[in-house]
Amino acid sequence: SLLLTACEYYEAHYNREQLMKAYFFTGKVNQALGDAPKAQEYYLKALTVGESSDNIKLKAKINSYLGMLYTYQNAYSIAIPCMKESLRYLTMLNDTISKAIVFRDMARTYHKLNHIDSAELFYRKASEINHPEEQAYILNELGGILMDNKKYYEALPYLRRAMQLAEDLPEPIYLSLGECFILMEDTDSARFYLQKSILSDQLYTRQNALYYLAQVAKMEHKQKEYDTFIGQYKHIRDSLQSNHNAVAMLQGQSIFDYTQQQKTIEKKEQKKGFYHQTFYSIILFVILLIGIMLFLLKLFKKESAQKEDIIAQIDKELSGLKTLHDTREAEFKKSEIYTKFIHANNSITVSDKEALYEAIDRVYPNYIGNMQHLLPDMDEIDTFILYLIKVNIDQKIIASHITLKPSAISNRKKQMAVRIFGENAQTKKLDALIKNNGIN
């Protein structure tokens with residue numbers, strides 16, 4: 001509501017620069033909340049009102065966020081032009097680090113469109129920039145696209161370089177190396193790397209490692225070993241598919257038609273421009289009749305009163321939000337679902353998890369959305385751990401609910417801290433982020 005108040009204020013005063021920023025941040029909030037159509041509406045509004053703005057850094061961000069929004073909604077053909085526009089602005093800014101991320105996102109989008117040659121081109125562009133945090137994963141994805149193009153021997157050096165750079169989270173790269181050696185029919189080397197990747201905490205990595213190990217066993221005519229690996233693979237695959245279907249139901253809202261939305265916004269802006277032009281003509285006529293000094297004095301008093309009203313309204317809303325949050329938090333701590341999760345070895349069902357997630361979301365409405373933005377590749381276990389840490393449930397209790405050792409929870413937290421803050425990040429930074437995130 002505070003952002004909407006800001007939008008209304010700048011709309012009334014027709015301050016294009018501030019209005020562009022307000023629209024952008026409102027779009028980000030709606031995207032974090034999972035409302036893709038509303039996020040798209042505000043991103044497009046920001047681009048429309050900021051068309052003549054010199055703030056190219058903000059324009060680059062808006063186009064990048066809009067492109068990724070379309071990508072998440074599988075609208076790849078309209079995601080690419082937004083990413084290209086972002087690249088144009090980043091080139092003007094000479095921001096090479098940000099360009100590496102956009103190149104990578106474009107490569108992923110072209111890969112989804114099955115434009116393998118274009119995907120390879122943009123992965124190569126991204127790899128040449130040497131991004132300090134993402135380079136290992138860019139090289140790994142480049143190796144994967146080269147394998148799709150059947151360039152196995154060319155992919156191998158990129159994958160080995162990626163393995164050297166990704167010391168903390170090497171399992172996905174071990175998986176890529178294993179796949180590459182299978183395609184090269186080197187089963188011994190494939191088995192060596194796949195057995196390393198099978199130790200991953202990531203279920204998707206472990207699932208694919210089991211599948212490829214089954215293929216190695218099949219190539220070596222080891223039927224019993226094949227049956228074992230393929231059985232374990234199917235068990236994880238079915239579990240992940242069940243979770244995927246549940247998430248898909250929540251994300252079933254499709255993106256608005258881009259062209260129709262853009263035309264609607266442009267018509268509104270044209271009409272608004274006409275009204276404002278008429279308004280300013282009347283003001284000029286009044287200024288000429290009454291006198292410049294008297295008009296400026298009245299205008300100053302009027303704007304001061306408006307600012308005071310807005311400040312008072314914001315203070316009132318902030319106070320109300322704080323009171324509401326404290327009430328919800330106290331009610332949650334007394335709830336039956338919270339009591340069930342603070343004790344170890346309770347029989348926790350999928351319905352229990354969903355009830356807990358819903359209850360926590362009511363108290364901290366922006367929390368998990370913000371964390372998903374920081375950790376776009378987080379899986380179901382990461383989500384479960386983040387929810388329970390947020391409500392101060394002990395790490396040993398968390399481990400008992402998902403049949404993991406407390407050390408595994410610590411490792412998960414360390415991995416998440418590294419993905420957010422960088423290579424040497426401590427879990428204390430993650431704890432502080434979780435504590436202060438999602439209250440407003």
Side-chain angles (χ1 to χ4, degrees), residues 3 6-7 10 15-32 35-73 75-113 118-119 121-135 137-138 141 255-256 258-259 261-262 265-266 269 369-370 372-376 419-422:
L3 282 171
C7 289
Y10 293 125
N15 186 328
R16 285 181 173 269
E17 195 68 27
Q18 295 301 322
L19 186 56
M20 177 172 63
K21 292 179 183 178
Y23 282 155
F24 170 58
F25 286 116
T26 305
K28 284 182 64 177
V29 169
N30 279 284
Q31 185 172 354
D35 191 342
K38 187 63 72 173
Q40 176 193 270
E41 177 186 347
Y42 279 100
Y43 287 150
L44 290 174
K45 281 185 174 182
L47 290 176
T48 301
V49 301
E51 185 176 0
S52 60
S53 172
D54 295 329
N55 192 344
I56 58 176
K57 184 175 182 179
L58 181 56
K59 287 183 175 181
K61 283 185 178 180
I62 297 169
N63 278 283
S64 178
Y65 273 83
L66 184 58
M68 288 310 301
L69 178 69
Y70 288 138
T71 297
Y72 291 148
Q73 298 295 312
Y76 306 119
S77 60
I78 57 177
I80 292 292
C82 295
M83 294 175 182
K84 287 183 177 180
E85 188 71 359
S86 180
L87 280 176
R88 185 173 73 84
Y89 290 126
L90 292 173
T91 301
M92 295 167 64
L93 292 168
N94 198 26
D95 186 350
T96 55
I97 298 300
S98 297
K99 284 174 70 175
I101 299 302
V102 179
F103 281 142
R104 180 205 62 191
D105 293 341
M106 289 184 70
R108 289 176 175 175
T109 305
Y110 277 122
H111 194 192
K112 292 287 187 181
L113 289 167
S118 296
L121 171 65
F122 282 100
Y123 273 128
R124 288 187 183 277
K125 287 178 178 287
S127 69
E128 291 168 1
I129 293 176
N130 195 22
H131 192 288
E133 297 174 0
E134 299 293 328
Q135 184 69 0
Y137 307 105
I138 291 172
E141 293 181 32
I255 202 72
F256 282 178
Y258 175 81
T259 305
Q261 181 90 350
Q262 183 69 33
I265 291 172
E266 288 175 353
E269 289 300 318
N370 292 340
Q372 286 172 338
H373 182 71
L374 295 171
L375 295 165
R419 279 144 58 195
I420 295 173
F421 301 107

Would you mind reporting whether Gln40 and Tyr70 have side-chain heavy atoms less than 4.5 Å apart?
yes
List the atom pairs, donor and acceptor, that lie under 3.5 Å between side-chain atoms in residues 75-84 and the rest of the protein, sequence neighbours left out.
from, atom 1, to, atom 2, distance (Å)
Tyr76, OH, Asn74, OD1, 2.8

Nearest heavy-atom approach of Tyr110 to Ala119 is CB-N, 3.8 Å
What's the separation between atom CG in Leu47 and atom CG in Asn63, rounded to the nearest 0.5 Å?
5.0 Å
Any non-hydrogen side-chain atom of Phe24 less than 4.5 Å from a side-chain atom of Tyr43?
yes
Is the closest basic N to carboxylate O distance between Arg88 and Glu85 below 4.0 Å?
yes
Using a 6.0 Å distance limit plus a 45 degree cone around the ring axis, check whether Lys28 lies over the aromatic ring of Phe25.
no
Supply the atom-to-atom distance His111 NE2 to Arg108 CZ, rounded to the nearest 0.5 angstrom.
11.5 Å
Specify the closest pair of heavy atoms between Asp95 and Ser98, including all atoms of both residues, with the distance to one decimal.
OD2-OG, 2.8 Å
Taking the side chain as C-beta and beyond, is there a heavy-atom pair between Tyr89 and Met92 under 4.5 Å?
yes
Is there a side-chain contact between Lys45 and Thr26 (heavy atoms, below 4.5 Å)?
no
Salt-bridge present (Glu141, Arg104; N to O < 4.0 Å)
no
Validation row: Ile62, Met20 side chains within 4.5 angstrom (heavy atoms):
yes
Please round to the nearest 0.5 Å and tell me the distance separating atom CE of Met68 and atom CD of Gln73.
11.5 Å
Considering residues, nucleotides and ligands other than Glu17, do more than 12 of their heavy atoms fall under 6.0 Å from its CD?
yes
d(Ile101 CD1, Ile129 CD1) to nearest 0.5 Å is 9.0 Å
I'd like to check Val102 versus Leu90 (side-chain heavy atoms, cut-off strictly below 4.5 Å). Are they in contact?
yes
Going from CD1 on Ile138 to NZ on Lys125, what distance comes out if it is rounded to the nearest 0.5 angstrom?
13.5 Å
Pair Arg124 + Glu128: basic N to acidic O under 4.0 Å:
no
Nearest heavy-atom pair of Leu69 and Ala36: which atoms, and what distance?
CD2-O, 3.8 Å
Minimum heavy-atom distance Ser86-Ala60, with the two atoms named:
OG-O, 3.0 Å
Taking every heavy atom of Ala126 against every heavy atom of Phe103, the minimum-distance pair comes out as CB-CB, 3.7 Å
Any non-hydrogen side-chain atom of Ser53 less than 4.5 Å from a side-chain atom of Lys59?
yes
Spacing of Lys99 atom NZ and Ile97 atom CD1 [to the nearest 0.5 Å]:
11.0 Å
Any heavy-atom pair between the side chains of Asn370 and Leu374 that's under 4.5 Å?
no
Could I get the full list of ring pair (Phe, Tyr, Trp, His ring centres under 6.0 Å) partners for Tyr137, not counting sequence neighbours?
none
